[in-house]
There are 2 protein chains.
Amino acid sequence: MKGHQVTIKDIAKILHISPSTVSRALKDHPDINPQTKKNVQELAKKLNYKPNQIALNLLQKESKIIGIIIPEIIHYFFSTVISGIEKIANEAGYHIIIAQSDESYHKEVENVQTLLSSNIDGFIITMAKTTLNFDHFKNVEEIGVPMVFVDRSCDIVTADKVLVDDFDGAYKATTHLIENGCVNIVHLAGPQNLDIGVKRKEGFLSALNDANIETKDYSVQICDSHDHAIRLIPELLSKYNNIDGIFAVNDLTAVGAMKAVKSINRRVPEDVAISGFTNSFISYIADPELTTIDQKGFEMGQHAARMLLKRIKSDENYGPVTTILNTELVVRKSSLKNK
Amino acid sequence: MKGHQVTIKDIAKILHISPSTVSRALKDHPDINPQTKKNVQELAKKLNYKPNQIALNLLQKESKIIGIIIPEIIHYFFSTVISGIEKIANEAGYHIIIAQSDESYHKEVENVQTLLSSNIDGFIITMAKTTLNFDHFKNVEEIGVPMVFVDRSCDIVTADKVLVDDFDGAYKATTHLIENGCVNIVHLAGPQNLDIGVKRKEGFLSALNDANIETKDYSVQICDSHDHAIRLIPELLSKYNNIDGIFAVNDLTAVGAMKAVKSINRRVPEDVAISGFTNSFISYIADPELTTIDQKGFEMGQHAARMLLKRIKSDENYGPVTTILNTELVVRKSSLKNK
DNA sequence: AGGGTTATTTCAAACGTTTGCGAAATAGGT
DNA sequence: ACCTATTTCGCAAACGTTTGAAATAACCCT
């Protein structure tokens, strides 16, 4: 039950002057009598006057709000992305409004619609895994609301993107395992209809190739969940018991693999070295702590926000920009065989 | 670079009728000629007309936006709370806008101010740990913007609250440890200036008391971080080597303790059983998986949102409501000595 | 005193939408 | 042909704010 917020009109009425004068007095316009200014400003402070943002938004045709559509906020990576966005946005006087798609194409479409109608100034989006049709993004493009895609790209929509060098990250992780004495490494790969699934696999294969290690038919396993790894690994290790390294497409899968390895009484990293990908919080929780590739969520968020703000403020329609961030190898205990 | 959004005026101009007619035609007002209606609706669809929410907000003096101020989005518990809020809010046609305080009193005050000025319809807040002064909330109260506090309460501000029964949760966890054969349990407690620190400690002590177990001078240790536990536990266990159970104030501390126990070659749960509190994602990651108390983040969020919406829509000024949710014991391997 | 300048204030339109009320037009009835 | 009822539409105000332009008032100079 909102009590009446003090407006410029209220102040004007009390002081028997016009709203315009009040408005100018509040912003220290030179045309205003110092005494009037003083009266206005004092009263404004006394009544705790706060300008009505909605009215300003209407006037300036902008809401100072950035819409974020992201699969699931509970995932560490996504929440770091959000934090990065929020930081830059706030510094520029913008707010963020978050909608989750739960990896559902349908909810994503819905979110785009509702956010559009609340007049956000731009979008930052990580597409749902299930999104295969891009009409809703095309629509945003037509309306002219700027968009930046994060982490997951699609070539159909022309928009700014900030991605991470998945190939290089996978290459680095694999090379690190090799340098630490692994010769028989298995890659737990993501779905091959997803970009990250393919790129990370390719980075893995390329690293093996450059180290003159030949791949076996079991070197790549499609397996990208904690539970799947727990089921798969014991079976795999008993079948091919010379496996001495695992590079998983993400941290969660890596942790599952780690548990599985330990469960059949092999040691991590002495018997099997493990690396994940993402550097999420759980890599720090794992025992032993998990070597992984830092995916720079916070930095991605910051970049995305900067790109979006630039686009929002720009008058000219420059072509789409793609930023590819470098990953970083984070070495922890799970990969250090030699110590 | 936003292209001109289609407005009611545009439609009116094209059809040579007045904006009011267009407005009414779009909402199927009986006063409008069916033919005009048809023309308007068809053109609106063709031009992809979307009502300008900002203008509506100005008119209706509401923004349909709920402001959330939360310490850190990356914490699993908080992101589940947010998800709960979002669900209920969306169902009611509201959006959420998120601001993080990073557990800083200063940022919290700032967030309250900026959110207020963007005319949110209500607040859902989890206070920062460092917040000891409540003037900013008092201010919100005076202005008349409804507020709901989640998880952390303060008696000074009169507002709705949704809390969890910390005492009972701690009691249940402790009793569970006792039932599983622990007789010498240590509680890793939170800071005693925080409600949860005190309540959970009291639940712990009460459970011991009810089981006729006398507390030792080392039974309660102030220790609420992963790293602190890793430092503290080995020392403690070597000093008092009959300790056979640990109840930690949160999951992260429990995991630290678990690592520490394993590091000095004692087994979890056989030698030392462990329970955490929160049921965050890491309790599932830990090895062995961590027994814990589910703090019902999602439900808390849902409750908070419902309470807020009720308050927003209500005309009468009913007294503040406090909802206390029950926790739930989640039994996992880390506490099952007997198997 | 008239002309000019300057200081201070107000008017009015604008942003996009809704809505009570009045106006115009049409139709029906006698 | 006149009155009334009905249908259909437009005017204008409102939400809170900004801003160019016009208005008023006060002053100085010759």
Side-chain angles (χ1 to χ4, degrees), chain A residues 2-41 43-44 47-65 93 116-121 143 145, chain B residues 2-41 43-44 47-65 93 116-121 143 145:
Chain A
K2 220 161 172 177
H4 177 66
Q5 274 273 44
V6 181
T7 75
I8 275 194
K9 291 187 181 178
D10 297 326
I11 299 182
K13 211 165 288 174
I14 296 176
L15 296 179
H16 299 107
I17 54 182
S18 81
S20 4
T21 306
V22 176
S23 171
R24 291 193 169 99
L26 287 172
K27 27 187 35 123
D28 228 13
H29 193 287
D31 274 8
I32 303 297
N33 187 318
Q35 183 56 48
T36 325
K37 256 184 211 172
K38 193 158 163 269
N39 293 343
V40 170
Q41 286 167 355
L43 186 58
L47 298 181
N48 195 21
Y49 166 79
K50 291 267 158 33
N52 182 326
Q53 267 299 323
I54 298 186
L56 288 176
N57 293 343
L58 182 58
L59 207 55
Q60 286 150 12
K61 289 171 158 238
E62 57 177 13
S63 60
K64 295 276 186 186
I65 294 180
L116 265 185
S117 79
S118 49
N119 269 66
I120 54 154
D121 292 344
I143 295 178
V145 176
Chain B
K2 219 161 173 177
H4 176 66
Q5 275 272 46
V6 182
T7 76
I8 275 193
K9 290 188 181 178
D10 297 326
I11 299 182
K13 212 165 286 174
I14 295 176
L15 297 178
H16 299 106
I17 54 180
S18 81
S20 6
T21 306
V22 175
S23 171
R24 283 191 256 256
L26 287 172
K27 29 188 34 129
D28 229 15
H29 194 283
D31 273 9
I32 303 297
N33 186 319
Q35 183 58 47
T36 329
K37 255 183 212 174
K38 194 160 161 264
N39 294 342
V40 169
Q41 286 167 355
L43 186 59
L47 299 181
N48 195 23
Y49 167 78
K50 290 268 160 29
N52 183 324
Q53 266 300 324
I54 298 186
L56 288 176
N57 293 343
L58 181 57
L59 207 56
Q60 286 150 11
K61 288 170 159 237
E62 58 179 9
S63 60
K64 295 275 187 188
I65 293 180
L116 265 186
S117 78
S118 46
N119 269 67
I120 52 153
D121 292 343
I143 296 179
V145 176

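In this text the structure is predicted, and so the values were computed from the model without any measurement. We use all heavy atoms of the structure for the numbers below, so side chains are in, but hydrogens, waters and symmetry mates are not. Numbers restart at 1 for each chain; the letters A, B, ... are given by sequence-line order, proteins then strands.
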Distance-only check: which donor-acceptor pairs under 3.5 Å involve side-chain atoms of residues 9-17 of chain A, not counting sequence neighbours?
from, atom 1, to, atom 2, distance (Å)
A/D10, OD2, A/H4, NE2, 2.9
A/D10, OD2, A/T7, N, 2.9
A/D10, OD2, A/T7, OG1, 3.4

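- Atom-to-atom, CD of B/Q53 to C1' of C/dT18 comes out at 13 Å; the value is rounded to the nearest Å.
- For A/I32, whose side chain is taken as the heavy atoms from C-beta onward, the closest listed nucleotide among D/dT18, C/dT18, C/dT9 is C/dT9.
- Taking only distance into account, the side chain of A/R24 meets the base of C/dT10 through a donor-acceptor pair shorter than 3.5 Å.
- Side-chain atoms of B/D31 lie closest to D/dC9 of the nucleotides C/dT18, D/dG16, D/dC9.
- Here CD1 of B/I143 is found 5.0 Å from CG of B/L116. Values are rounded to the nearest 0.5 Å.
- Taking CG of B/L58 as the start and CG of A/N57 as the end, the distance is 9.5 Å to the nearest 0.5 Å.
- The distance from atom NZ of B/K13 to atom P of C/dG16 is 10 Å, rounded to the nearest whole Å.
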At under 4.0 Å between heavy atoms, which parts of nucleotides 23-28 of chain C does protein reach? Answer with one letter per nucleotide, 5' to 3': B base, S sugar-phosphate only, - none. ------
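- Atom CG in A/L15 sits roughly 14 Å away from atom C1' in C/dT9 (whole-Å rounding).
- In this structure, A/I17 atom CD1 and D/dT24 atom C1' are separated by 16 Å, rounded to whole Å.
- A donor N or O paired with an acceptor N or O is found under 3.5 Å between the base of D/dC11 and the side-chain atoms of B/S20.
- Between A/K61 and C/dG16 there is a side-chain N or O to OP1 or OP2 distance below 4.0 Å.
- The minimum heavy-atom distance linking A/I8 with A/P19 is given by the pair CG2-O, 3.6 Å.
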Hey, can you pull the donor-acceptor pairs under 3.5 Å for the side chains in residues 26-34 of chain B, sequence neighbours left out?
from, atom 1, to, atom 2, distance (Å)
B/H29, ND1, B/D31, N, 3.1
B/N33, OD1, B/Q35, N, 2.8

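- Place A/Y49 and B/V22 on DNA chain D by their nearest nucleotides, and B/V22 ends up nearer the 5' end.
- Among the heavy atoms of the strands lying under 4.0 Å from B/K27 are primed sugar atoms or P, OP1, OP2 only; no base atom is included.
- In the set D/dC9, D/dG10, C/dG16, D/dC9 carries the atom at the smallest distance from any side-chain atom of B/N33.
- A search for salt bridge (Lys or Arg N to Asp or Glu O under 4.0 Å) contacts involving B/K50 returns nothing, not counting sequence neighbours.
- Atom CD1 of B/I120 sits about 7.0 Å away from atom OG of B/S63, to the nearest 0.5 Å.
- Judged as a side-chain hydrogen bond (donor to acceptor under 3.5 Å, both in side chains), and not counting sequence neighbours, B/T36 has no contacts.
- B/I54 comes within 4.0 angstrom of no nucleic acid atom, judged by non-hydrogen atoms across all strands.
- Between the C1' atom of D/dT8 and the CG atom of B/D28 lies a distance of 15 Å, rounded to the nearest Å.
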Test B/L43 against B/Y49 for side-chain contact (heavy atoms from CB on, under 4.5 Å), laying out the working first. CA-CA 8 Å; B/L43 186 59; B/Y49 167 78; over 6 Å; no
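- Between B/A55 and B/T21, it is B/A55 whose nearest contact on DNA chain C lies nearer the 5' terminus.
- Remark: C1' of D/dT18 and CD1 of A/I8 are 8 Å apart, rounded to the nearest angstrom.
- Contacts of B/L59 with the nucleic acid, taken as non-hydrogen atoms under 4.0 Å apart, include base atoms.
- A rotation axis mapping the C1' atoms of four pairs onto the next four is fitted at both ends of the helix from C/dA1-D/dT30 to C/dT30-D/dA1 over five pairs, and the angle between these axes is 80° to 10 degrees.
- Between A/D10 atom CG and D/dA14 atom P there is a gap of 14 Å when expressed in whole angstrom units.
- Contacts of B/L58 with the nucleic acid, taken as non-hydrogen atoms under 4.0 Å apart, include base atoms.
- Between C/dT18 and B/S23, a contact under 4.0 Å exists linking OP1 or OP2 to a side-chain N or O.
- Nucleic acid contact for B/N52: sugar-phosphate only, since backbone atoms but no base atoms lie under 4.0 Å from a heavy atom of the residue.
- OP1 or OP2 of D/dC15 lies within a sub-4.0 Å distance of a side-chain N or O belonging to A/K9.
- Rounded to a whole Å, the CG atom of B/N57 is 13 Å from the C1' atom of C/dT18.
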